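Sequence lines set the chain letters: A, B, ... in the order given, protein chains first and strands last, and positions in each chain run from 1. On a predicted model such as this, the values are computed, not experimentally measured, just so you know.
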Amino acid sequence: MAAVRYACRDGWRLIVRHWGMSLLTVFTAMSVFFIIGASTLFVLNVRNIVSSLENQLTIQAYLKPKADIAAAEKAIKALPYVKETKAITKDMALERLRSRIGEQAKAVMLLGENPLPESIEIKVRKASEVAETARLLVAVPEVEDIVYAGRVAEKLTRVSGFVEKFSIVMLLVAIAASGVVLFNTIRISVYSRAEEIGVMMMVGATSTYVALPFVIQGFILGLAGALLASVMLCGTYYAAVTRLKDMLPFLPFIESTRLTGKLAFMLVCCGATVSLISSLMAVEKFIRKASRPL
Amino acid sequence: MAAVRYACRDGWRLIVRHWGMSLLTVFTAMSVFFIIGASTLFVLNVRNIVSSLENQLTIQAYLKPKADIAAAEKAIKALPYVKETKAITKDMALERLRSRIGEQAKAVMLLGENPLPESIEIKVRKASEVAETARLLVAVPEVEDIVYAGRVAEKLTRVSGFVEKFSIVMLLVAIAASGVVLFNTIRISVYSRAEEIGVMMMVGATSTYVALPFVIQGFILGLAGALLASVMLCGTYYAAVTRLKDMLPFLPFIESTRLTGKLAFMLVCCGATVSLISSLMAVEKFIRKASRPL
Amino acid sequence: MDIKFSGVTKIFEPDIIALEDIYLQVDKGEFVYLVGETGSGKTTLMRCITREVVPTRGQISVGGNLLRKINRFDLALFRRDIGVVFQSFLLLPNLTAFENVAFVLEVMGLPPKEISERVSEVLKLVGIWRRRNLYPPQLSGGEQQRLAIARAIVNGPSLLIADEPTGNLDTHTADEIMQLILGINAAGTTVLMATHNQYLVDTYRHRVVEIHRGRVVRDEEQGRYELNGGC
Amino acid sequence: MDIKFSGVTKIFEPDIIALEDIYLQVDKGEFVYLVGETGSGKTTLMRCITREVVPTRGQISVGGNLLRKINRFDLALFRRDIGVVFQSFLLLPNLTAFENVAFVLEVMGLPPKEISERVSEVLKLVGIWRRRNLYPPQLSGGEQQRLAIARAIVNGPSLLIADEPTGNLDTHTADEIMQLILGINAAGTTVLMATHNQYLVDTYRHRVVEIHRGRVVRDEEQGRYELNGGC
Ligand SMILES: Nc1ncnc2c1ncn2[C@@H]1O[C@H](COP(=O)(O)OP(=O)(O)OP(=O)(O)O)[C@@H](O)[C@H]1O
Ligand SMILES: Nc1ncnc2c1ncn2[C@@H]1O[C@H](COP(=O)(O)OP(=O)(O)OP(=O)(O)O)[C@@H](O)[C@H]1O
Ligand SMILES: [Mg+2]
Ligand SMILES: [Mg+2]
């Protein structure tokens, strides 16, 4: 009990006495945790955007002349992967053609009867499901032909997939770096007191008693860094999202406070764990060195 | 002269004697420089991909019936921003329509004569130029109507623009962090020798003489980190690009060795500068402290 | 606590023989001067007792415990029962004089009030109470030495090891400190004191053990300081 | 080099008066013992001469230079002309004994060959040549002290400041080192030596300056050690 009280006092004293170094450590930890948090938010947003883009994946199924459009829609709805369907009548098709090729579409009308086929627009959940769905659609008796923007959509999702993968790699590198940086910082901070550790053990301090203040110091610094990073992250993220939403209204950015709250919590936990482990590892080595007799 | 020789010897000795700490410092510097390099490559690739996507931005100009297609193409070519034009005859247009709406396009043929208009496909350099070009095209006498996939293309380029901006922010954060981390590491390394610095100055060493070994130490460590990061970066980048090219053959990744060579060179220079500056700053403080009398 | 060295040899790598075949028995409550020219091995012998140094050969037992067999945790407890005045003081530079002494008691988990009382008492005893709030680097050489002595005696150890405890003290203060150590010895604490102070050894006569090049060359009750070396 | 203190007072924050109104004149080539009880201000006086401490009031000139006016670079050059044996040795723990002494000459930019010769010579002179490759923490107290002396005299300084240079030496070695210092003084070097060693002061009679609570209370040619304090 008393030992813990003394350790807290000494840990705090270590921080205050070397406040310049403490500030730098906190700042370093903060940068690293900020990078981790930012990468995570980036990945999550990319994922969100990708999934919303995937939502827009549609397959156009043209029906045979005289086919029952309602029955066809029902049959297609029953297929796996299909998320949404929309029937498009001849008139609607003409309207679309007109908007696509301009007034020249009137020429088509010269035929007297609208020659365009009825079709059904099908939405699926994922880019990977498009090809499979298309295969199934061919088997539907009412369907004569299918058209889907396979390439373009896949291109888009693949770019996003690449971005996502890259970000995850960056995230892992950042986490590894954070561990190393904290470990390094705390270890060097202990390093400058290697002699003191020896003296303390010479006058009867147990290794735990000696290690505790350093561990507490490292823990507080790491925690402070993570906390600051969380605050900064939430702040900049909301500012950024607000501006980005104006710029890119069609992109679905994540705005839930639940998410950022969770992320901040995770960062702080991560900071606490990493700093605790690295302090322990850092101080352990010196304890062992100091207690090794000549 | 002799002083520089001694300083190099002592700088090297500082590194060797505390090899564990030196390794950690090098590793830290390496992670940070790797992140910087990776961010840079990422940004460059995104930029490359964006510009190649922008290359694909096209405007469709439908000509008036009986218009002289060659004259129209010539007039359009003369407009600003226009990068490339391609004349599309009635037959080509029908072919395209067929591929778009399937066999039903045959219905259009019932007309006897192909009712589709001739058109010219125009490529511009940037998404931002599309709207302006469209305005200019309207003024061309042969042009009846223009159609362009404005929204979709802009969406795409804007997403990429966002990714690019984000990466640049990450890059700046990484550079700032690298400076802080190196400064911090070297400063703490000097910190553990603050007393020695005082002793050296007491026996007649000038500040330069005392500082030089520390600066050399920091310089060597930073340089080593940057060099290792460069090697790792080039290695992983080529491995990644080779695999990505297989996966995404349509995306134009940068493969030039000139570029990665330049980047590696820049990283090393950056490493040298940052470590030099941070060592100087770190040691300067202790020199000043040590030479301040009581 | 009694001390027993049996055939202790310490060779520092690669070939410095600091102690050679030492047999030494110090009984509980004894007062022993350790003398010998500089570099003869006095400090090394003392560091063997605190297990800062482990002998290359031979065995040491202190207070009935074989030092070789003691584990890491028990070693800490064992050291709490020994007071050591290190030749180079080994004070904690980041703690004030008061805190340096208090540290020894904090380690033992004593309540703050008792710590404060006992530290005050011992700081007054060695005469540096006025300097209690200074840090070791701000103290004069003699004040640091007295602080080191205060730290060594604050927890009433059963064994006091003092390595050159008067090297930085003027003759008068040295005499005072010597009286203090003799008082502690009179109260039952075994004292082992390495010294070059001829005046003290010749004035306060006790058992003298002379070391020469790592060997015990003289061991007499009520001895004098003179260094005969091997002769 | 001659030394002149005029009205020097040093007050350490907040209220420790380490030196009070010191007037002292030491001529070139003189040998002066500085005595006084522990904490009287001897070390502080010496640290004023090396400008480790700046006086709160008063002026010091050494070798004709006003210390207050000296700039940072000249201070380094000035210190190369002074040899100092620090009370706590202040050796560089990461350099071997040999390198510690060589450092002083390297700083001056001497060629390696000359450095090596002069260092070897002085290490043999103080008797730690056999220990030249050990690091300071591996040396015994007396060996460290002799190393500190070697470092102070290796560059043939015009002024030698020795703060308690025999505190860790046995009487015989102390005598040898004293002879060495006297020899250096005989060759023209001014020597200022703070000591508690009564035997040396009384045997090798020279000028004695006694400090008591920061004041010069006695200053006699061919003086003795006894500390009278203010009386
Ligand atoms: N860690 C070490 N490595 C190598 N040699 C050592 C080490 N420690 C001590 N020595 C050597 O062992 C010898 C005895 O040293 P010790 O410190 O015991 O002497 P001492 O009797 O205490 O001398 P002093 O009176 O000068 O303090 C010395 O010559 C010293 O150089
Ligand atoms: N940096 C400092 N801050 C505060 N007080 C100091 C400082 N340095 C010295 N003192 C005080 O000034 C007084 C004189 O110290 P000084 O070291 O000069 O004594 P000294 O004569 O050398 O004693 P000793 O014989 O013990 O070495 C002491 O009481 C000391 O505590
Ligand atoms: Mg010793
Ligand atoms: Mg002193």
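- Contact of Glu99(D) with chain B is made through the side chain alone, with heavy-atom distances under 4.5 Å.
- Judged by distance alone, with hydrogens and angles left aside, the side-chain atoms of Glu114(D) form no donor-acceptor pair with the main-chain N or O of Pro111(D) at under 3.5 Å.
- Side chain of Thr173(D) to main chain of Leu169(D): no donor-acceptor pair is present (N/O by atom type, distance under 3.5 Å, no hydrogens or angles).
- Both the backbone and the side chain of Asn94(D) come within contact range of chain B, judged by heavy atoms closer than 4.5 Å.
- Both the backbone and the side chain of Val54(D) come within contact range of chain B, each with at least one heavy atom under 4.5 Å from a heavy atom of that chain.
- In this structure, the portions of Leu95(D) lying under 4.5 Å from any heavy atom of chain B include both its backbone and its side chain.
- At a 4.5 Å heavy-atom cutoff, Ile197(B) makes no contact with chain D through either its backbone or its side chain.
- Among all heavy-atom pairs drawn from Phe33(B) and Gly225(B), the shortest one is CD1-C, 4.2 Å.
- The candidate from Arg151(D), Met108(D), Arg47(D), Arg80(D) with the greatest count of non-hydrogen atom pairs under 4.5 Å with chain B is Arg80(D).
- Ranked by non-hydrogen atom pairs under 4.5 Å with chain B, the options Gly83(D), Cys48(D), Gly109(D), Pro112(D) are led by Pro112(D).
- Without hydrogens or angle criteria, Gln145(D) side chain to Pro165(D) main chain gives a donor-acceptor distance under 3.5 Å.
- For Thr189(D) (side chain) and Pro157(D) (main-chain N/O), a donor-acceptor pair under 3.5 Å exists by modelled atom type.
- Glu20(D) and Thr9(D) are not linked by any side-chain donor-acceptor pair at a separation below 3.5 angstrom, with hydrogens and angles left out of the test.
- Of the atoms belonging to Ile115(D), it is side-chain heavy atoms, and not backbone ones, that fall under 4.5 Å from chain B.
- With chain B as partner, the option from Phe78(D), Phe12(D), Tyr135(D) having the largest number of non-hydrogen pairs under 4.5 angstrom is Tyr135(D).
- Here the rule is side chain to side chain contact (heavy atoms under 4.5 Å, CB included) with Phe5(D), and of Val62(D), Leu45(D), Val216(D) only Leu45(D) fits it.
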